[in-house]
Amino acid sequence: MGDLSKTFRVRDYDLDATLASGQAFRWQSLGQAWEGVIGGRWVRLCAAKDGIAAEVIKPVSDWSWLEEYLQLQVDLGQVLATFPDDEPMRNAVAALPGLRLLRQDYWECLASFILSATKQIVQIRQMVALLSERHGEPIASSGGDPAFAFPTIEAIASCSEKKLRECKLGFRAPNLLGAARDILDEKIDWRRLPTMATDEARGELTKLRGVGPKIADCVLLFAGGHHEVFPVDVWIERALQRLYFPKRRPSAKRLRKFADTHFGPYAGYAQQYLFHHARVHLKLK
DNA sequence: GCCCAGGTGAAGC
DNA sequence: GCTTCACATGGG
């Protein structure tokens, strides 16, 4: 049997901040609701009293895929308690209480962040949407437009570079294609990735062309659940500079070291707070 | 038109 | 080692 909707009880969950924070790229805001696709299922989410209401289009009896994706079991208070007690962190948390990290699919996350290189978040969304429409499986959805699953590794691997460039991927096209083919050709130990220690997994991911430390760290954090990982991108670099070293100009290496030692066991969460806060509330340049 | 965007890899000091 | 640059494409 199963149900078409379910309400999950959860505290401290800011759905808007979480789905708009640039960690996942398939969510669309429609009025009060968010519509998206998680692993081949169309979903509509809505903030509800004491929790989150979910709607699907085909009956579901086991909702663990959604609980896992949304990380409903995480006690946010415990996470926030591990943050360093300094002004930048206090401000970022105060501005967005309830911001969470999702737990995404490895391939979709890797592919999306391969596309993220020197692109704005809006444009990453556009590339991901176009790629899914053209190379993903159509799936049932509510309303007029069909929805599309994110393209499988096989679907991307069987594309030509030209086909991918037609999805506006630019110079990222060969990187995405290469990643899909290298995974299928077992150039990296893809299957064992989820159980690897952080450094080993990072080493595997960065064997892929177009995947450096930043993209690898995003995959480790957003798909692998390595919560101690702190991806450093241009936004975070600016935020760290301005918030923690206003008078000096530390090298990228120095900032990396600071990020690795300052933020504690949930540094990845801290990073997401700083990142979203910097993007939304600070005019950093 | 110009500048820059959740980077990376290669080439130049 | 560190700095600079090319790489496609679109939005502000």
Side-chain angles (χ1 to χ4, degrees), chain A residues 17-27 92 96 99-102 104 108-131 133-134 159-180 182 187-188 202-224 226-227 229-243 248-257 259 263 267-285:
Chain A
T18 301
L19 298 181
S21 66
Q23 49 180 318
F25 303 98
R26 301 222 56 196
W27 292 98
L96 302 155
L99 175 62
R100 301 278 192 137
L101 288 184
L102 303 167
Q104 302 178 54
E108 178 172 338
C109 187
L110 171 63
S112 300
F113 278 97
I114 285 175
L115 303 188
S116 75
T118 61
K119 276 292 181 192
Q120 301 181 50
I121 290 177
V122 207
Q123 297 173 322
I124 302 169
R125 284 209 186 88
Q126 290 169 356
M127 290 188 287
V128 169
L130 199 49
L131 199 63
E133 279 173 36
R134 295 194 182 170
C159 277
S160 62
E161 184 179 321
K162 183 161 175 291
K163 281 285 175 205
L164 294 179
R165 280 184 187 269
E166 286 167 7
C167 296
K168 316 287 185 189
L169 305 195
F171 65 84
R172 303 156 195 82
N175 292 342
L176 181 65
L177 182 58
D182 284 354
K187 295 267 178 60
I188 73 167
R202 184 185 291 113
E204 283 300 295
L205 287 167
T206 50
K207 287 179 186 170
L208 299 169
R209 181 156 191 100
V211 179
K214 162 30 178 88
I215 291 174
D217 281 358
C218 285
V219 177
L220 293 173
L221 180 60
F222 301 137
H226 296 261
H227 296 138
V229 171
F230 189 109
V232 175
D233 61 47
V234 290
W235 283 97
I236 284 294
E237 210 168 290
R238 285 181 205 146
L240 292 181
Q241 289 260 9
R242 183 167 140 183
L243 298 172
R248 288 192 292 142
R249 190 120 175 96
S251 65
K253 200 168 181 178
R254 184 77 191 76
L255 281 179
R256 177 71 264 175
K257 179 98 175 173
F263 293 98
Y269 274 83
Q271 178 273 164
Q272 199 63 16
Y273 275 86
L274 290 173
F275 174 76
H276 199 43
H277 183 50
R279 284 212 324 130
V280 176
H281 297 283
L282 302 175
K283 299 278 182 275
L284 289 173
K285 269 292 159 181

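Reckoned from all heavy atoms, side chains included, excluding hydrogens, waters and symmetry mates. Proteins come first, then strands; the chains are lettered A, B, ... in the order of their sequence lines, and each starts at number 1.
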Checking all strands, does [X] fall into the base, sugar-phosphate, or nothing category for heavy-atom contacts under 4.0 angstrom?
X: A:Thr206; result: nothing
X: A:Leu208; result: sugar-phosphate
X: A:Gly212; result: sugar-phosphate
X: A:Pro231; result: base

Could you check how far [atom1] of [X] sits from [atom2] of [N], rounded to whole Å?
X: A:Leu274; N: B:dG6; atom1: CG; atom2: P; result: 16 Å
X: A:Lys257; N: C:dG1; atom1: NZ; atom2: P; result: 14 Å
X: A:Lys207; N: B:dT8; atom1: NZ; atom2: P; result: 17 Å
X: A:Lys214; N: B:dG9; atom1: NZ; atom2: P; result: 13 Å
X: A:Asn175; N: C:dA6; atom1: CG; atom2: P; result: 18 Å
X: A:Phe113; N: B:dG7; atom1: CZ; atom2: P; result: 10 Å
X: A:Glu161; N: C:dC7; atom1: CD; atom2: C1'; result: 12 Å
X: A:Phe171; N: B:dG7; atom1: CZ; atom2: P; result: 9 Å

Inset, instruction - Decide if atom NZ of A:Lys163 counts as having more than 12 heavy atoms of other residues, nucleotides or ligands within a radius under 6.0 Å. - result: no

Legend entry - Atom NZ of A:Lys207 with >12 non-hydrogen neighbours under 6.0 angstrom: yes

Legend entry - Distance between P atoms of B:dG6 and C:dT3 (Å, rounded): 23 Å

Inset, instruction - Would you check if A:Trp235 stacks with the base of B:dG6, given a 5.5 Å centroid limit and a 30° plane limit, both strict? - result: no

Quick one: does any side-chain atom of [X] pair with a main-chain N or O of [Y] as donor and acceptor, under 3.5 Å?
X: A:Arg238; Y: A:Ala278; result: no
X: A:Gln104; Y: A:Gln23; result: yes
X: A:Gln272; Y: A:Leu101; result: no
X: A:Glu108; Y: A:Ala24; result: no

Inset, instruction - May I ask you to check whether A:Phe230 and A:Phe275 place their ring centres under 6.0 Å from each other? - result: no

Inset, instruction - Measure distances between side-chain N and O atoms of A:Glu237 and base N and O atoms of B:dG6, and say whether any donor-acceptor pair falls under 3.5 Å. - result: no

Write down the protein N/O and nucleotide N/O pairs, taken from nucleotides 9-12 of chain C, whose separation is under 3.5 Å; answer none if there are no such pairs.
unit_1	atom_1	unit_2	atom_2	d
C:dT9	O2	A:Lys119	NZ	2.3
C:dG10	OP1	A:Lys168	NZ	3.4
C:dG10	O4'	A:Gln123	NE2	3.3
C:dG10	N3	A:Gln123	NE2	3.4

Legend entry - Residue met sooner reading DNA chain B from 5', once A:Arg209 and A:Asp233 are mapped to nucleotides: A:Asp233

